[in-house]
Amino acid sequence: MSVRVRFAPSPTGLLHVGALRTVVFNDLFAKRHQGTLILRIEDTDRTRYNPESEAEFIETLKWVGIEFHEGPHVGGDFGPYRQSERKEAGIYTPFVEELLAKGAAYEAFETPEELEQMREFQRINKMPTGYFGGDWRDATPEQVAAAKAEGKPCVIRLKIPRNTAIVGEDVVRGKLEWDSNTVDDPVIIKADGMPTYHFAAMVDDHLMQITHVFRGEEWISSYPKHIALFDAFGWDKPVFVHCPVIVGNDGKKLSKRHGATRVLDYKYDGFLPDALKNFVALIGWNPGDDREIMAPDELASAFHLEGIQASPGKFDMEKLKWMNGVGIRSLDRDSLISTVSELVKDPEILSYYAGKEPEDPAPKISADEYHRAISTLASALDNDSAFAEQCVVLEQERVQTLADFGPATEFFLVEELSYDEKAVEKWFGEPHVRKLLDDLAGFVSGKSEVSVEECEGFVKGWAAENGFDKIGPVVHPTRVALSGKTSGPGLFDLMSCLGPDRIAKRIARAKELLR
RNA sequence: GCUCCGGUCGUCUAGCGGUUAGGAUGUCGCCCUUUCACGGCGAAGGUCGCGGGUUCGAAUCCCGUCCGGAGUACCA
């Protein structure tokens with residue numbers, strides 16, 4: 001039987017990194033087995049429905065480059081792919097009736113208030129809370145008829161078998177077992193007629209012929225209810241894979257308060273989709289050897305269920321940055337330029353940085369600086385592309401994110417350089433600097449461009465002629481004069497990239513700072 | 001409270017009865033070098049949550065215990 005897996009988010013909000021990991025596992029597993037990847041929208045809760053959510057999912061998934069074979073946006077033979085539409089189509093009705101007819105489910109007429117009272121009583125008496133029968137599990141047909149005649153709203157609950165063991169398999173943990181008397185009767189159809197997750201997801205998994213269910217470990221608790229449902233129908237169960245959760249530094253499930261959890265934020269922070277996927281795949285899974293940096297197809301062919309871990313993992317931003325840096329360095333010139341351009345010119349990016357709240361109390365580079373530098377780069381890429389592109393290339397080895405190209409290239413692109421005070425103090429006090437700058441101005445004067453070799457020739461020649469056996473004392477002041485700082489690309493590359501005009505202007509300005 | 005799941009360097013992890021407990025990241029140092037970065041090399045960092053057992057031998061098997069987490073909804 002061919003593999004069919006599904007990603008089944010609930011459209012209540014954003015797509016966060018925990019969910020991303022789940023899709024990545026699904027995707028990798030599907031690819032590994034040439035299976036089918038399905039998107040299913042679990043919108044059975046009308047109160048929490050967020051109409052923008054589904055578009056967010058699609059956009060995010062498109063950005064990370066995960067493609068679905070079936071889903072609400074692409075169609076397929078097992079549709080519709082939204083549970084609200086499936087409900088409208090009457091798909092669930094015959095299954096509910098089947099359960100009712102078999103006596104495997106029953107109608108219950110308590111009000112939410114009554115249920116709350118019941119739980120309160122259970123808590124006070126230190127009993128397990130939940131619906132273990134109430135007044136309706138064993139109600140007579142007459143009682144039910146009477147309640148209906150009164151027009152009482154009712155829900156339908158699954159009748160969990162009593163005094164037995166419920167046994168399930170989980171790929172990651174092996175055999176899981178519950179005393180059925182500790183499992184309460186779940187609602188499968190709400191008073192508004194909508195199915196609950198417990199019902200709709202299982203029925204749909206069966207109908208859509210899902211072979212493997214990847215879901216977070218927070219579902220383990222309700223797994224016995226799902227097993228009971230499959231058993232009530234007599235259906236074969238898919239393979240369940242309960243994936244460890246991704247937690248924040250406090251050990252709790254990742255949420256907004258842990259900083260960037262929205263996947264699309266990683267786009268604007270300058271992460272490469274492949275690096276993000278690679279990183280996230282490695283939380284809770286490993287290929288069984290020491291490989292970490294893996295190409296997408298390598299990841300897919302290495303992905304196997306045995307490598308999935310049971311214990312939760314933390315999200316290590318530093319390691320993600322490292323991995324992303326490796327990804328950036330592996331880009332060839334053309335893809336580097338196009339990737340950077342696409343991000344930096346994205347109309348959304350400036351509003352992202354404008355509205356960004358600092359996660360790090362003392363970030364090295366503020367959101368304002370990113371905002372400014374990125375727009376500088378974007379317009380340079382439009383107006384002076386050859387120059388701007390060369391700047392990007394020269395910074396490739398020095399950045400960890402695509403967004404870093406903004407601040408990294410800013411000194412190249414800006415008209416008025418800002419000088420690092422310490423750098424000026426350290427290098428502009430030397431007596432030879434004035435002559436050096438004058439000679440450099442002479443060297444570029446009248447030229448329209450200078451090659452890297454010419455620049456190297458000038459610097460080395462100047463050092464020799466002026467009695468320096470090492471070029472450091474020549475290189476450093478020149479660098480400060482041209483870039484305002486002490487770090488950055490190799491000086492000869494820097495000079496050649498800037499070109500004679502900018503060099504001349506910068507020298508003139510630097511000379512004003514000389515004592 | 002009840003049910004369930006976890007627990008190996010700060011972090012991600014390898015490990016499945018015999019290893020100097022391995023790798024990666026981060027940190028630090030050295031090398032490369034015109035700076036920064038990249039790259040290379042190296043160091044520090046783990047009494048494998050704790051306590052008992054089983055065994056010649058336990059991170060690995062068993063029991064207990066502690067800690068963390070999840071669920072405990074007409075949410076998913």
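Note on naming: letters A, B, ... go to the chains in the order of the sequence lines (proteins, then strands), and numbering restarts at 1 for each one. Below, each value reflects all heavy atoms present in this structure, side chains not excepted, and no hydrogens, waters or symmetry copies.
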Ignoring the backbone of [X], work out which of [options] is nearest its side chain.
{"X": "A/T196", "options": "B/rC5, B/rA76, B/rU11", "answer": "B/rA76"}
{"X": "A/E218", "options": "B/rC2, B/rG10, B/rA70", "answer": "B/rA70"}
{"X": "A/R119", "options": "B/rA24, B/rC4, B/rA73", "answer": "B/rA73"}
{"X": "A/V155", "options": "B/rC74, B/rU11, B/rU35", "answer": "B/rC74"}
{"X": "A/K319", "options": "B/rC12, B/rC4, B/rC74", "answer": "B/rC12"}
{"X": "A/E318", "options": "B/rC36, B/rG26, B/rG22", "answer": "B/rG26"}
{"X": "A/R398", "options": "B/rA37, B/rU11, B/rU34", "answer": "B/rA37"}
{"X": "A/T129", "options": "B/rG1, B/rU34, B/rC74", "answer": "B/rG1"}
{"X": "A/R48", "options": "B/rU34, B/rA76, B/rG71", "answer": "B/rA76"}
{"X": "A/T44", "options": "B/rG6, B/rA76, B/rC74", "answer": "B/rA76"}

Verify the contact: side-chain N or O of [X] to OP1 or OP2 of [N], cut-off strictly under 4.0 Å; return yes or no.
{"X": "A/K190", "N": "B/rA76", "result": "yes"}
{"X": "A/R329", "N": "B/rG39", "result": "yes"}
{"X": "A/Q400", "N": "B/rA37", "result": "no"}
{"X": "A/N286", "N": "B/rA14", "result": "yes"}
{"X": "A/W322", "N": "B/rU25", "result": "yes"}

Tell me: [atom1] of [X] to [atom2] of [N], nearest whole Å?
{"X": "A/F279", "N": "B/rC12", "atom1": "CZ", "atom2": "P", "value": "9 Å"}
{"X": "A/I283", "N": "B/rA24", "atom1": "CD1", "atom2": "P", "value": "19 Å"}
{"X": "A/I188", "N": "B/rA76", "atom1": "CD1", "atom2": "C1'", "value": "17 Å"}
{"X": "A/M317", "N": "B/rU27", "atom1": "CE", "atom2": "P", "value": "15 Å"}
{"X": "A/Y131", "N": "B/rG71", "atom1": "OH", "atom2": "C1'", "value": "21 Å"}
{"X": "A/I220", "N": "B/rC4", "atom1": "CD1", "atom2": "P", "value": "12 Å"}
{"X": "A/K485", "N": "B/rA37", "atom1": "NZ", "atom2": "P", "value": "12 Å"}
{"X": "A/M194", "N": "B/rA76", "atom1": "CE", "atom2": "P", "value": "9 Å"}

Spacing of the [atom1] atoms in [M] and [N] (rounded, Å):
{"N": "B/rG52", "M": "B/rG69", "atom1": "P", "answer": "27 Å"}
{"N": "B/rG10", "M": "B/rG46", "atom1": "P", "answer": "7 Å"}
{"N": "B/rC36", "M": "B/rG29", "atom1": "P", "answer": "12 Å"}
{"N": "B/rA73", "M": "B/rU54", "atom1": "C1'", "answer": "46 Å"}
{"N": "B/rG68", "M": "B/rG22", "atom1": "C1'", "answer": "27 Å"}

For residues 466-473 of chain A, which side-chain donor-acceptor pairs fall under 3.5 Å, sequence neighbours excluded?
from	atom 1	to	atom 2	distance (Å)
A/N466	OD1	A/K435	NZ	3.3
A/N466	ND2	A/W462	O	2.8

*Both distances under 3.5 Å, Watson-Crick or G-U wobble: report the partner of B/rC32, or none.*
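Here B/rC32 is not engaged in any pair, so there is no nucleotide opposite it.
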*Who pairs with B/rG68 - Watson-Crick or G-U, where each distance is under 3.5 Å*: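 Per the H-bond distance test, B/rC5.
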*Name the nucleic acid region contacted by A/R123, choosing base, sugar-phosphate or nothing; use a 4.0 angstrom heavy-atom cut-off, strictly under.*
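Answer is nothing: A/R123 stays at 4.0 Å or more from every strand.
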*Please assess A/D185 against A/R162 for the test salt bridge (charged side-chain N to carboxylate O under 4.0 Å, His left out), listing each intermediate value before the final yes or no.*
CA-CA 10 Å; A/D185 292 352; A/R162 296 297 164 209; 2.7 Å; yes
*Would you jot down, in residue-number order, the residues of residues 454-473 of chain A having a non-hydrogen atom under 4.0 Å from RNA chain B?*
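Contacting residues: A/I471.
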*Is the A/F240 to A/H226 ring centre distance short of 6.0 Å?*
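No, ring centres 6.0 Å or more apart.
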_Taking the ring of A/W219 and the ring of A/Y197, is the distance between their centroids below 6.0 Å?_
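Judged by ring-centre distance (under 6.0 Å), A/Y197 and A/W219 do meet the cut-off.
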*For A/L28 and A/A281, work out which heavy atoms get closest and say how close.*
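Answer, listing the atom of A/L28 first, then A/A281: CD2-CB, 4.1 Å.
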*asked:* The test is side chain to side chain contact (heavy atoms under 4.5 Å, CB included); show your working for A/I38 and A/N26 and say whether it passes.
replied: CA-CA 9 Å; A/I38 298 151; A/N26 272 295; over 6 Å; no
*With side chain to side chain contact (heavy atoms under 4.5 Å, CB included) as the test, would you mind laying out the steps for A/K225 and A/V183 before giving the verdict?*
CA-CA 7 Å; A/K225 293 171 176 154; A/V183 181; 3.8 Å; yes
*Which word best sums up how the rings of A/F214 and A/F25 line up, parallel for under 30°, tilted for 30 to 60°, or perpendicular for over 60°?*
perpendicular
*Name the one of A/K152, A/Q143, A/K148, A/R157 that satisfies side chain to side chain donor-acceptor pair (under 3.5 Å) with A/E107?*
A/K148
*Take A/D493 and A/K314, find for each the nucleotide of RNA chain B with the closest heavy atom, and name the residue whose nucleotide sits nearer the 5' end.*
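That would be A/K314.
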*Within 6.0 angstrom of A/Y49 OH, more than 12 heavy atoms from elsewhere*: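 Yes, enclosed.
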